[in-house]
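Everything on this sheet refers to the single structure shown next.
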Amino acid sequence: MNNFFNRDLWNEIISSLKSNKTRTLVTSFGVFWGIFIMVLLLSAAKGFETGIKHKFQGIATNSLFVWAQRTSMEYEGMSKNRSYFFDNQDAKSIKDKVKGLKIVSPQNNFTTLIQHNLKDGDYTVEGNAPEFLGQKSLKLTQGRFINQQDIDQKRKVAILGWGLIDELFEKGETVIGSYIRIKGVNFKVVGVYKDTSIDGQRNIRAQQNIHIPFNTFSQVFNFGEKVSYFFITADNNQSVTDLKEKIIGLLQKRHKINPKDKRAIGNFDLNEQFEKFNMLFVTLKAVSFFVGLMILLSGVIGISNIMLIVIKERTKEIGIRRALGATPYVVKKQILSESIFLTLLSGMAGVSFASFLLFLVNLKIDSLDPYDSMILNPIVPLPTILIIFIILIIFGLLAGMIPAQKAVKMKPINAIRTE
Amino acid sequence: MLKYTNEQIAAMIAIQNLHKSYQIGSNSLPVLKGIDFNVKEGEMVSIMGSSGSGKSTLLNIIGILDEADEGSYHLDNIEVKNLNEKIAAKYRNKFLGFIFQSFNLINYKTAVDNVSLPLYYQGVSRKEREERALFYLEKVGLADWSKHLPSELSGGQKQRVAIARALASDPKVLLADEPTGALDTKTSYGVMELLQQINDEGKTLIIVTHEPDIAAMTKRNVELKDGLIIGDTIINQVRPQLHV
């Protein structure tokens with residue numbers, strides 16, 4: 001009797017639910033629909049998030065890019081509209097003075113004539129540090145990337161984008177170990193990469209860049225100490241956005257730039273952009289949860305409403321049961337159990353149906369190119385299902401509370417007398 | 001005085017100076033105006049009276065389905081007063097069996113499930129419940145109908161199932177409110193015969209009726225009028241066979 005999972009109690013519940021199939025079905029539909037919509041909304045939000053995040057895959061998102069532009073303000077006797085360059089000392093200084101940074105990698109680049117045997121074309125050449133590989137979503141398909149020896153010994157080696165192979169090489173020709181001429185200087189090809197970022201997928205030019213060691217670039221092409229860009233990545237537990245002001249302040253000081261001059265140092269905070277995305281997803285999730293919950297609530301109000309009608313219909317039955325010795329506790333327990341059972345059952349049916357639909361949607365999405373779709377793998381994670389489960393039980397209790405209270409408040413004799 | 005108290009103790013039902021009135025709007029309508037009434041174990045009492053005489057109210061108070069405003073009521077020497085609903089339910093279940101005019105079976109439960117319901121509320125195990133329910137169904141002659149729903153039974157059969165249900169928890173007193181009110185004469189006599197048989201086995205019965213021929217089949221006739229007992233006579237029990 002005291003056991004909630006008592007077989008007799010369940011028999012009672014099921015037989016009383018069965019005794020009026022139409023109302024059981026109609027009642028359940030409200031909750032079924034609410035949960036169904038909630039799961040669909042949540043998984044759409046999740047799928048959208050997965051889809052967008054997939055496009056950032058491989059990129060160190062906790063990164064800040066800075067580059068030198070012209071000054072727009074006078075400062076310490078320096079004229080405005082002055083052009084300046086970063087230098088190698090800046091990298092060392094940033095690393096030394098700003099704590100929490102993982103990588104500060106410099107870059108210089110230009111677009112120039114590239115030749116291989118009889119083929120040629122204008123492509124972008126980047127002088128990069130070995131760490132650059134971890135900052136961009138570059139995937140090596142052959143050979144290797146720039147390493148420290150390349151930097152130290154200023155080796156003339158090059159890593160080509162796969163988009164260049166068709167342009168510069170004959171079909172079937174061996175790429176690794178061959179030589180290309182950059183602005184008339186011979187470089188040995190040691191690797192081929194593929195850019196897997198969204199930009200790389202959309203833009204063939206991103207697959208046609210040439211990476212050479214930074215120091216080699218500086219020496220061979222006469223850049224001296226000059227640095228055009230810094231790619232700065234912070235430690236995982238440290239937001240680069242928080243360090244941005246410090247880094248820029250340091251660079252301003254080093255290059256005699258007015259601290260109020262916002263235009264002198266160009267910068268792009270990927271982390272900030274990414275955080276904005278994250279906020280968008282959090283908001284999206286919260287909105288879908290809220291909307292789902294509200295729809296669910298209306299379903300639950302439906303259950304409560306119909307339970308009330310049912311209690312009224314069953315007043316006599318409840319009176320008879322009480323004449324036969326059912327205590328108010330037993331009556332309440334049965335009504336609450338019915339309501340929870342109904343809510344849970346229809347809720348789980350809603351989850352199942354939504355899951356089935358998502359399964360079909362996933363089949364369709366999987367057959368598409370992941371880079372083309374904004375939504376990837378729309379699923380509802382198990383913890384969310386558990387939360388929904390708990391919400392359902394609470395809502396079921398709420399739905400049953402008023403009818404149960406009403407059922408035991410009536411005197412049994414009055415209950416029996418109702419027709 | 002002492003003799004009276006002893007008599008009271010010996011009684012299955014002992015009622016003294018019972019008052020009950022119903023509130024209708026701002027007016028108070030007295031229904032019972034001071035009832036003194038004792039029933040000893042093994043009696044078969046009929047309560048008669050015109051409608052509005054208070055006989056059903058008296059039965060409901062005896063059945064702990066309603067509460068008196070004033071006076072005392074002892075059921076098997078236990079005072080029934082200010083009971084909370086939980087204890088009231090327990091007493092109803094253990095001490096009392098109800099038989100209603102409109103049978104009041106639960107229409108989506110089979111005969112055997114209806115009969116075993118009081119036992120379910122006692123916490124009796126499933127198997128034993130079924131056995132005991134079948135035993136009482138056999139007693140009322142409906143063993144073959146145990147798996148039928150009330151809608152598949154005739155009025156007389158429904159009342160027999162209700163009687164089996166009232167007996168199921170082996171109560172001290174059986175309370176019947178117009179048990180034959182919805183039945184034709186022949187079926188009524190069949191039901192009364194069954195009730196007599198149950199009384200012969202020692203069970204105390206109180207039957208509310210307004211039919212003199214039904215009242216004649218009991219052993220004692222109490223007459224109510226305007227909330228007071230106006231007659232209380234021991235009668236010679238008529239056996240229904242005589243009528244058939």
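What you see below is based on every heavy atom in this structure, not just the backbone, and it leaves out hydrogens, waters and symmetry mates. Numbers restart at 1 for each chain; the letters A, B, ... are given by sequence-line order, proteins then strands.
Applying the salt bridge (Lys or Arg N to Asp or Glu O under 4.0 Å) definition to pairs two or more places apart or across chains, none involves residues 93-107 of chain B.
For B/Glu131, there are no salt bridge (charged side-chain N to carboxylate O under 4.0 Å, His left out) partners two or more places apart in sequence or in a different chain.
Without hydrogens or angle criteria, B/Ser154 side chain to B/Gln157 main chain gives a donor-acceptor distance under 3.5 Å. For B/Glu130 (side chain) and B/Lys127 (main-chain N/O), no donor-acceptor pair under 3.5 Å exists by modelled atom type. Without hydrogens or angle criteria, B/Gln122 side chain to B/Lys90 main chain gives no donor-acceptor distance under 3.5 Å.
Using cut-offs of 30° and 60° for the angle between ring planes, the B/Tyr91 and B/Phe95 rings count as tilted.
Applying a 4.5 Å heavy-atom cutoff, the residues of residues 317-324 of chain A that approach chain B are A/Glu317, A/Ile320, A/Arg321, A/Arg322, A/Ala323, A/Leu324. Residues of residues 137-148 of chain B lying under 4.5 angstrom from chain A, judged on non-hydrogen atoms, do not exist here.
A/Lys409 and B/Glu85 are not joined by a salt bridge, as no carboxylate oxygen comes within less than 4.0 angstrom of a charged side-chain nitrogen.
More than 12 heavy-atom neighbours from other residues, nucleotides or ligands sit within 6.0 angstrom of CG on B/Leu228.
Just one residue in the list B/Leu194, B/Leu153, B/Thr187 forms a side chain to side chain contact (heavy atoms under 4.5 Å, CB included) with B/Arg160, and that residue is B/Leu194.
When only modelled atom types and interatomic distance are considered, B/Asp66 and B/Thr57 share no side-chain donor-acceptor pair under 3.5 Å.
Among B/Lys109, B/Arg129, B/Arg126, the residue making the largest number of heavy-atom pairs under 4.5 Å with chain A is B/Arg126.
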